[in-house]
Each structure stands twice: as structure tokens, then as C-alpha cells.
Protein chains: 2
Amino acid sequence: MANSKLYKGSLNTIILKLLEEQGKMYGYEITQKVKDLTKGELNITEGALYPALHKLEAEGLLDVEVAKVDNRLRKYYKLTEAGEKETVNRLAELEEFIRSMQQLVNPNWSIK
Amino acid sequence: MANSKLYKGSLNTIILKLLEEQGKMYGYEITQKVKDLTKGELNITEGALYPALHKLEAEGLLDVEVAKVDNRLRKYYKLTEAGEKETVNRLAELEEFIRSMQQLVNPNWSIK
DNA sequence: AATATATGCATAAAATTCTTATGCATAAGA
DNA sequence: TCTTATGCATAAGAATTTTATGCATATATT
């Protein structure tokens, strides 16, 4: 995740959440989606993304489906059932993290 | 940071912000303060905290002052001028991170 | 009196996650 | 033709954290 004020550990949650929303996505598509949604603020590097996808797959949270489009390879990932459950947990953790950080660094903020 | 849904990179920001608020604190005090503020959600481990304090000091962001209380050692840390400026930057980065994450994982949230 | 818990700092090994730097390949645009 | 975009992949190194220790004093418990 380059030039981007990111915190380690959040990449997996981003991947899971996007897949939950989009159904299925391939790696390159994820990098572009994140760039779009954050107006360039977050740039996921391939060196971080692909190993992360492989690991989530190895953990049984993602399934892969290979496709060939315009003579180029795409690996579509989607959540398994276990992945769907884990996504709920990760999002809850992220929200809890954000709330905790707000308690620490800025009690004036609140999520509504 | 044990058993705690934390994201790597946030510890420094937590330290800086607490020192900004409290003026000066010693290591053990920081661990307890974080535990209190987050109702036990976040537990800073000593193995993470002390090296982080030493590094922030080496970077010129913190000053140390040793004290002896009840025959026990305490090392009080406080922000240097450079530390105060950096704290502003780190907090801005954290806020930006939170906003970006919200764009990604939950557009329904908003900071107010 | 003995033992456990709390207070207080510290470091080292290992794990995790990320950046940076590559490599390969096809398609489209300048 | 050369650059940019698309698409996946891995390896070396950096950064940050967890886990496991070590040492020492004070207080609470049995």
C-alpha cells in the first residue's frame, strides 16, 4: 500500500468488504476500485495485494475462478461461506478499532 | 498490542496524542491509560511500547526525564517542539485513514 | 512469613505485513 | 516504436508488533 497513510492489517478487511459488495473481483480490479473510492488516497501495491489474496484463499476465505478476457488472464476471487462470516467479524473489529482510536485521539468525533 | 484488533502503525500516534493531552507520562502509565480509555479493548504490550518510546526519542520527538517515586524508577516522556508539530501531522493522517476506510467499508458512517 | 499481584523498565527472537524492486506477458494509444 | 495500461507473480528488505524473557521494588493476600 504505497504513499498512503495506511495501517497494517487493514488490507485484508478492505479485500473482504469489497468482495462482499461486488460479488467477485480480480486483483487488478481491486487496486483500481480502491484508488477510485478513495480518490487516489490509498494505492494498494501488487506486492501486498497478491500475497494477501493467496493467503486468504489458503485460509479458505476466498475461492478462485480463472478467466481469459481479451487474451489476458484474470483470477476472479469471491467469498466462501467461511469468508462471509469472517467478513462480518473483520468489519466489527475495524469499527471497534475506529471507535477506540476516537476515544484516544479525538473524543469530539463520533460515528453516526 | 495484545488481544486487541489493532492496526500496526497506530501505536506511535496514540503515544503522541496522549502526551499532547497529558503533558507528560511514563510508560506504564500509558499502558494503563489506554486500557482505561478503551475499556480494556486495547492493550499495549511493553514489548511494543518501550521500543516505540525509545525510537520517538531518538527521532527527537520526545524528551525524557527520570524520576524516582517510592523507590521505583519512572521515565517521564513529553513532546518536544518537533514532537508537537509531528503530532498534528500524525493525527491528520489518522483522520484521513479513517475517512478512507469509511469510504471503502461503510459509506453510511460519517465523522461529525 | 510466604506468595502473588501490581508497578516499572528493558531486550531479543519470531511473526506479520508491508514497500520496493523485479519479472513476464498482452493490448492499446501516442 | 515506444509508452502506458492491463494482469499476475515473487523475492529481499523494512517496519512494527507479539511473545517470551529478565530484573527489581511495593503492596496485598493467604
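Every chain is numbered from 1, with letters handed out A, B, ... down the list of sequences.
- Closest approach of B/A52 and B/L11 over heavy atoms only: CB-CD2, 4.0 Å.
- The nearest whole Å value for the distance from the CD1 atom in B/I15 to the P atom in C/dC9 is 12 Å.
- Summarising the geometry of B/A82 relative to B/G60, their closest heavy-atom pair is CB-O, 3.9 Å, with the distance given to 0.1 Å.
- Following rounding to the nearest Å, B/N43 (CG) and D/dT17 (C1') show an atom-to-atom distance of 14 Å.
- As a whole-Å value, the separation of B/L42 CG from D/dT16 C1' is 15 Å.
- Note: A/Y26 and A/Y76 have perpendicular aromatic rings, judged against thresholds of 30 and 60 degrees for the angle between ring planes.
- Rounded to whole Å, the distance from CG on A/L49 to C1' on C/dT20 is 16 Å.
- B/L73 places its CG atom 12 Å from the C1' atom of C/dT7, with the value rounded to the nearest Å.
- Remark: B/K55 is in phosphate contact with D/dT16, judged by side-chain N or O atoms under 4.0 Å from OP1 or OP2.
- The minimum heavy-atom distance linking A/S100 with B/T38 is given by the pair CB-CG2, 3.9 Å.
- For A/Y28, the listed nucleotide lying nearest its side chain is D/dG7; candidates were D/dG7, C/dG8, C/dT17.
- When B/E95, B/Q103, B/Q102 are each tested for a side-chain hydrogen bond (donor to acceptor under 3.5 Å, both in side chains) with B/R99, only one passes: B/E95.
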- Message: For A/E29 and A/K33: C-alpha separation, side-chain torsions, deciding distance, then whether salt bridge (Lys or Arg N to Asp or Glu O under 4.0 Å) applies.
- Response: CA-CA 6 Å; A/E29 187 183 11; A/K33 186 76 175 176; over 6 Å; no
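- Within residues 57-72 of chain B, the residues that have a heavy atom under 4.0 Å from DNA chain D are, in order of number, B/D70, B/N71, B/R72.
- Distance CE (B/M25) to P (C/dG8): 12 Å, rounded to an integer number of Å.
- The phosphate of D/dA14 has neither OP1 nor OP2 within less than 4.0 Å of any side-chain N or O from A/K8.
- Going from atom CG of B/L11 over to atom C1' of C/dC18 covers 17 Å, rounded to whole Å.
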Contacts under 3.5 Å, N or O only, protein and nucleotides 10-14 of chain C:
from, atom 1, to, atom 2, distance (Å)
C/dA10, OP1, B/K75, NZ, 2.3
C/dA10, OP2, B/H54, NE2, 3.0
C/dT11, OP2, B/H54, ND1, 3.4

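- The side chain to side chain donor-acceptor pair (under 3.5 Å) check on A/Y28 picks up nothing, with sequence neighbours excluded.
- When each of B/L61, B/T80, B/L62 is checked for a side-chain contact (heavy atoms from CB on, under 4.5 Å) with B/E86, only B/L61 meets the rule.
- Between D/dG7 and A/Y26, a contact under 4.0 Å exists linking OP1 or OP2 to a side-chain N or O.
- Among all heavy-atom pairs drawn from B/L104 and A/E21, the shortest one is O-OE2, 3.8 Å.
- Checking C/dA30 for Watson-Crick or G-U wobble geometry (two distances, each under 3.5 Å) identifies D/dT1 as its partner.
- In this entry the distance linking CD of A/Q32 with C1' of D/dT6 reads 9 Å, nearest Å.
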